[in-house]
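Take a look at the structure set out below.
Not measured: the values here are computed from a predicted model.
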Amino acid sequence: MEVSLSIDDETCIRCGRCVRVCPSVIFTQAAPKRPVGVQHPNTCIVCGHCVAACPTGSVRHGDFPEGKVHPVDRGGLPSPAQMLALCRSRRSNRAFTSFPVPERALGMIVEAAHRAPTASNLQQVAFTLVTDPDTLRRITAFTVEAFASVVRKLENPLLKPLLKVLVGGAYKYLPNFHRLIGEYGEGRDLILRGATAVLLIHTPDGSRFGCQDSNLAYQNASLMAESLGVSQFYTGFVCSAAGQAGHGLEKLLGIDGKIHAGMAMGMPAFRFPNYVDRREVELRRL
């Protein structure tokens, strides 16, 4: 990758911050307060750490011109107590109204997801936002049919002896599968629960850390949704069905790649007035 990268010696105060934060060890400094140099700039992963860390704007990076660098207002950030309160109050609320999620809120949720870190700063995570009611119904139908296919295989008398050995743990989910299928047959959607929007998070095929990157993006989106008063839950059934059916859901939605995470959203019928304690944390210190 061709990268334009240099140090403005006239404004550089030689603090060494860029040297310390660069993951590719591109910046050099022989000793504190000595001049900062640049080596092997083409190994840059374009993460922007150097530009973000420089207090004088002395790192000149071609991918981060002046319009792409912004000061951080630390006073406007949530306090640790506020952040912890948000994490404590966040719940998977499946009680939706029929009102759509405002476009501004959807935009902020997507931006928050997009701001999540990615391995080697590859930024291969992409998003598909579904708000069309017919497409939402097709996602539910696809998911139910995927589980119905699994049930048929697990209950096939010819396959059952072998599957008991290979995937014995799957049989404990049979009652859940039957319930999902039965409720769907009676007109009740236990997959999306009446969500008016679904955000699917995906990466190109072959992305080595696609699953991790996508789920980091989901977590950002989830907390943003909570802060906006938008109810949401993780689309575990949808993601599981997508994984079992090859690229069937991706083809249905015109997605080029693999779905790793997703979030169903809607405006809440009510807000939870309480939070509850989780099990005691399991923490080992070595």
Check: Could you state the interatomic distance from OG (Ser214) to CD (Gln124), rounded to the nearest 0.5 Å?
Finding: 10.0 Å

Note to self: Run the ring-ring contact (aromatic ring centres under 6.0 Å, His included) test against His49 and tell me which residues pass, sequence neighbours left out.
What the structure shows: none

Note to self: Tell me every residue that passes side chain to side chain contact (heavy atoms under 4.5 Å, CB included) with Arg104, counting only those two or more places apart in sequence or in another chain.
What the structure shows: Met108

Check: Taking only residues at least two apart or on different chains, which pairs with a member in residues 252-281 satisfy side-chain hydrogen bond (donor to acceptor under 3.5 Å, both in side chains)?
Finding: Thr203-His260

Checklist line | Any donor-acceptor N/O pair, Ser89 side chain to Ala85 backbone, under 3.5 Å | finding: yes

Next item on the list: Could I get the full list of side-chain hydrogen bond (donor to acceptor under 3.5 Å, both in side chains) partners for His114, not counting sequence neighbours?
Entry: none

Item checked: Set of side chain to side chain contact (heavy atoms under 4.5 Å, CB included) partners for Ser98, sequence neighbours left out -> none

Next item on the list: Please list, chain by chain and in numerical order, all residues satisfying ring-ring contact (aromatic ring centres under 6.0 Å, His included) with Tyr171, sequence neighbours excluded.
Entry: none

Next item on the list: With sequence neighbours excluded, give me every side-chain hydrogen bond (donor to acceptor under 3.5 Å, both in side chains) pair touching residues 28-37.
Entry: none

Next item on the list: With sequence neighbours left out, write down each residue that passes ring-ring contact (aromatic ring centres under 6.0 Å, His included) with Phe237, or none if nothing qualifies.
Entry: Phe147

Notebook entry, point to check: How would you list, by chain and number, every residue that makes a side chain to side chain contact (heavy atoms under 4.5 Å, CB included) with Pro55, sequence neighbours excluded?
Noted result: Ile13, Cys15, Arg17

Checklist line | Where at least one partner belongs to residues 231-253, residue pairs that pass side-chain hydrogen bond (donor to acceptor under 3.5 Å, both in side chains), sequence neighbours excluded | finding: Asn93-Ser231, Asp205-His247, Asn215-Tyr234, Tyr218-Gln232, Ser222-Gln232, Ser240-Gln244

Margin query: Using the side chain to side chain contact (heavy atoms under 4.5 Å, CB included) criterion, which residues pair with Ala126? Sequence neighbours excluded.
Written below: His202

Checklist line | Polar side-chain atom of Thr97 near backbone of Phe99 as donor-acceptor pair, under 3.5 Å | finding: yes

Item checked: Which atom of Asp213 lies closest to which atom of Thr118, heavy atoms considered -> OD1-CA, 3.5 Å

Notebook entry, point to check: Looking only at heavy atoms, what is the nearest atom pair of Pro102 and Met267, with distance?
Noted result: CD-SD, 3.7 Å

Margin query: Any donor-acceptor pair under 3.5 Å linking the side-chain atoms of Arg138 with those of Thr135?
Written below: yes

Notebook entry, point to check: Between the side chain of Gln39 and the main-chain N/O of Val25, is any donor-acceptor distance below 3.5 Å?
Noted result: yes

Check: By side-chain hydrogen bond (donor to acceptor under 3.5 Å, both in side chains), which residues pair with Thr143, not counting sequence neighbours?
Finding: none

